[in-house]
Amino acid sequence: MRIIVMGQQAFGKAALEKLLADGRDEVVAVYCAPDRGGRPPDPLKTAAVEAKLPVMQPKSLSNSTVIEELRAFGADLMIMAYVIQYVPQAACQAPAIGTTCFHPSLLPLHRGPSSINWPIIEGATRTGFSWFHPSEGLDEGDILLQWECRIGPDDTLGDVYFKKIFPQAIASLTEVCDLFRSGSPPRTPQDESKATYESWCRSSDAEINWSSDVDKVYNLIRGTNPQPGAWTTVDGAKLQIYDARKCAGDGTPGAVVEIDDAGVVVQARGGRILVKRVRPQGGGKIPAVKYAEDVRLKPGTTLGTA
């Protein structure tokens, strides 16, 4: 088959490299986001240039000239591998047999751009990814295939994405292409009665309320590690919290209970959080015990909102 790869960043690059390594199909063009002034080129663009493939970077995919350009490549299939630009149906229908799009959740659950953060934050124990036939609606369209995985009790956003979803999704590209090559790729309608949507998980969503249940606090820390990073304040200065563990103990929410070589223990409702790695405002990530030494943090100090 003749394939167009549309995407960006590490996932788009890995998808392109997988298709080229398989060698069963011909990648005829690569579409990625426009360059940003002063920033390095997108990894997908770099990989495409190295492979001597045509690279297209339109600001909008809704332009009629861009649609005609897509059609001119004579592709059979377009694979959307991490695309945040709006892609109209005219673009999706440009290839002869259509387009498939990757989404890192078990659709119709968690439509939207931060679909790995929110299941962890909400305490879910299962997630996965979907390849689907995109329609006009955001993350809507019939399912081509899905893969499910466990969210472990201590898994972070980084664990779930980089160790589970990312490698398995790239490996699944072989099956994705085979399903289209068969001439009758599956089309399972999404159950709209089960659909959920969440917008970006932003820093404003990641502030810790230490009066919340310890599980809720711990899930927020896990679900925002590494991005956008859960945070609290110490004497008015922002402190982002990354690696942490949940532990037992009672006390006043928000209070620093203990500081030792393992980290800084902070009280929440019904339990405690052992904070192991942090990022002080204006600085880089450091061990929590080093931070405590730097600012002379003492047991009894109250953090943030409680």
Undergrad: Quick check: do Asp139 and His103 have side-chain heavy atoms less than 4.5 Å from each other?
TA: yes
Undergrad: Who passes ring pair (Phe, Tyr, Trp, His ring centres under 6.0 Å) against Tyr161, sequence neighbours left out?
TA: Phe166
Undergrad: Any side-chain to backbone donor/acceptor pair from Lys164 onto Arg150? Under 3.5 Å, distance only.
TA: yes
Undergrad: Tell me if the NZ atom of Lys238 is crowded by more than 12 foreign heavy atoms within 6.0 Å.
TA: yes
Undergrad: Would you indicate whether the side-chain heavy atoms of Phe129 and Cys149 approach each other to under 4.5 Å?
TA: no
Undergrad: Within the distance-only criterion (no hydrogens, no angle test), does the side chain of Thr233 pair as donor or acceptor with the backbone N or O of Ala237 below 3.5 angstrom?
TA: no
Undergrad: Let's go through Lys18 and Thr174 carefully: what are the C-alpha distance in whole Å and the side-chain angles of both, what is the deciding distance for side-chain contact (heavy atoms from CB on, under 4.5 Å) to 0.1 Å, and is it a yes or a no?
TA: CA-CA 8 Å; Lys18 170 65 173 171; Thr174 301; 3.2 Å; yes
Undergrad: Which ILVMFWY residues are connected to Val265, directly or by a chain of links, through side-chain heavy atoms under 4.5 Å apart?
TA: Val257, Leu274
Undergrad: Given the side-chain rings of Phe180 and His133, with only the six-membered ring counted for Trp, is the space between their centroids under 6.0 Å?
TA: yes
Undergrad: Evaluate the side-chain contact (heavy atoms from CB on, under 4.5 Å) criterion for residues Trp231 and Leu239: first the C-alpha distance (whole Å), next the side-chain angles of each, then the deciding distance (0.1 Å), finally the verdict.
TA: CA-CA 5 Å; Trp231 60 277; Leu239 179 70; over 6 Å; no
Undergrad: Leu220 versus Lys216: any side-chain heavy-atom pair under 4.5 Å?
TA: no
Undergrad: Quick check against the 3.5 Å criterion: does Trp118 have a side-chain atom that pairs as donor or acceptor with the backbone of Ser199?
TA: yes
Undergrad: Can you check side-chain contact (heavy atoms from CB on, under 4.5 Å) on Val278 and Gln240, steps first, answer last?
TA: CA-CA 5 Å; Val278 299; Gln240 290 178 288; over 6 Å; no
Undergrad: Is Asp35 reaching over with its side chain to a backbone N or O of Pro41, donor-acceptor style, under 3.5 angstrom?
TA: no
Undergrad: Any side-chain donor-acceptor pair under 3.5 Å between Asp159 and Thr156?
TA: yes
Undergrad: Please identify each residue that fulfils side chain to side chain contact (heavy atoms under 4.5 Å, CB included) with Ala91, with sequence neighbours left out.
TA: Ile67, Leu70, Val87, Pro88
Undergrad: Is it the case that the side chain of Asp22 and the backbone of Arg24 share a donor-acceptor pair, with hydrogens and angles ignored and the cut-off at 3.5 Å?
TA: no
Undergrad: Which is it for Val289 and Asp260 under the side-chain contact (heavy atoms from CB on, under 4.5 Å) test, yes or no, and what are the steps along the way?
TA: CA-CA 7 Å; Val289 65; Asp260 59 23; over 6 Å; no
Undergrad: Is any NZ, NE, NH1 or NH2 atom of the basic residue among Glu192 and Arg111 found under 4.0 Å from an Asp or Glu carboxylate oxygen of the other?
TA: yes
Undergrad: Considering only NZ, NE, NH1 and NH2 on the basic side and carboxylate oxygens on the acidic side, decide whether Asp243 and Arg277 come within less than 4.0 Å.
TA: yes
Undergrad: Can a donor-acceptor pair be found between the side chains of Ser172 and Trp147 at a distance below 3.5 Å?
TA: no
Undergrad: Between the side chains of Ser130 and Gln146, does any donor sit under 3.5 Å from an acceptor?
TA: yes
Undergrad: Distance-only, no hydrogens or angles: does the Gln227 side chain make a donor-acceptor pair with backbone N or O of Gly158 under 3.5 Å?
TA: no
Undergrad: Can you name the side chain to side chain contact (heavy atoms under 4.5 Å, CB included) partners of Pro119, sequence neighbours left out?
TA: His110, Ala124, Thr127, Ile151
Undergrad: Heavy-atom count check: over 12 atoms from other residues, nucleotides or ligands less than 6.0 Å from Lys163 NZ?
TA: no
Undergrad: With a 4.5 Å cut-off on side-chain heavy atoms, are Met6 and Ile79 touching?
TA: no
Undergrad: Do Arg181 and Asp25 meet the salt-bridge criterion of a basic N to acidic O distance under 4.0 Å?
TA: yes
Undergrad: If the test is side-chain hydrogen bond (donor to acceptor under 3.5 Å, both in side chains), which one of Gln8, Gln9, Gln57 qualifies with Asp42?
TA: Gln9
Undergrad: Taking the six-membered ring for Trp, is the centroid-to-centroid distance between Phe102 and Phe11 below 6.0 Å?
TA: yes
Undergrad: Any chance you could pull the hydrophobic cluster mates of Phe132, using side-chain heavy atoms under 4.5 angstrom and chaining through other members?
TA: Leu107, Ile143
Undergrad: Quick one: does any side-chain atom of Asn117 pair with a main-chain N or O of Thr224 as donor and acceptor, under 3.5 Å?
TA: no
Undergrad: Can any side-chain N or O of Asn219 pair as donor or acceptor with the backbone N or O of Asp215 at less than 3.5 Å?
TA: yes
Undergrad: So, Gln190 side chain and Gly141 main chain: donor-acceptor pair closer than 3.5 Å or not?
TA: yes
Undergrad: Are Glu69 and Tyr31 close enough that some pair of their side-chain heavy atoms sits under 4.5 Å apart?
TA: yes
Undergrad: Test question: given the 4.5 Å side-chain rule for I, L, V, M, F, W and Y, name all other residues clustered with Val55, or answer none.
TA: Val49
Undergrad: Under 4.0 Å between a Lys/Arg side-chain N and an Asp/Glu carboxylate O for Asp154 and Arg222?
TA: no
Undergrad: Is any side-chain heavy atom of Tyr242 closer than 4.5 Å to a side-chain heavy atom of Arg279?
TA: yes
Undergrad: Are there more than 12 heavy atoms of other residues, nucleotides or ligands under 6.0 Å from atom CG of Asp235?
TA: no
Undergrad: Are any side-chain N or O atoms of Asp76 and backbone N or O atoms of Ala96, one a donor and one an acceptor, separated by less than 3.5 Å?
TA: no
Undergrad: Less than 4.5 Å apart, any side-chain heavy atom of Pro299 and any of Ile259?
TA: yes
Undergrad: Apply salt bridge (charged side-chain N to carboxylate O under 4.0 Å, His left out) to Glu68 and Arg71, showing your working.
TA: CA-CA 5 Å; Glu68 288 304 315; Arg71 294 191 182 112; 2.5 Å; yes
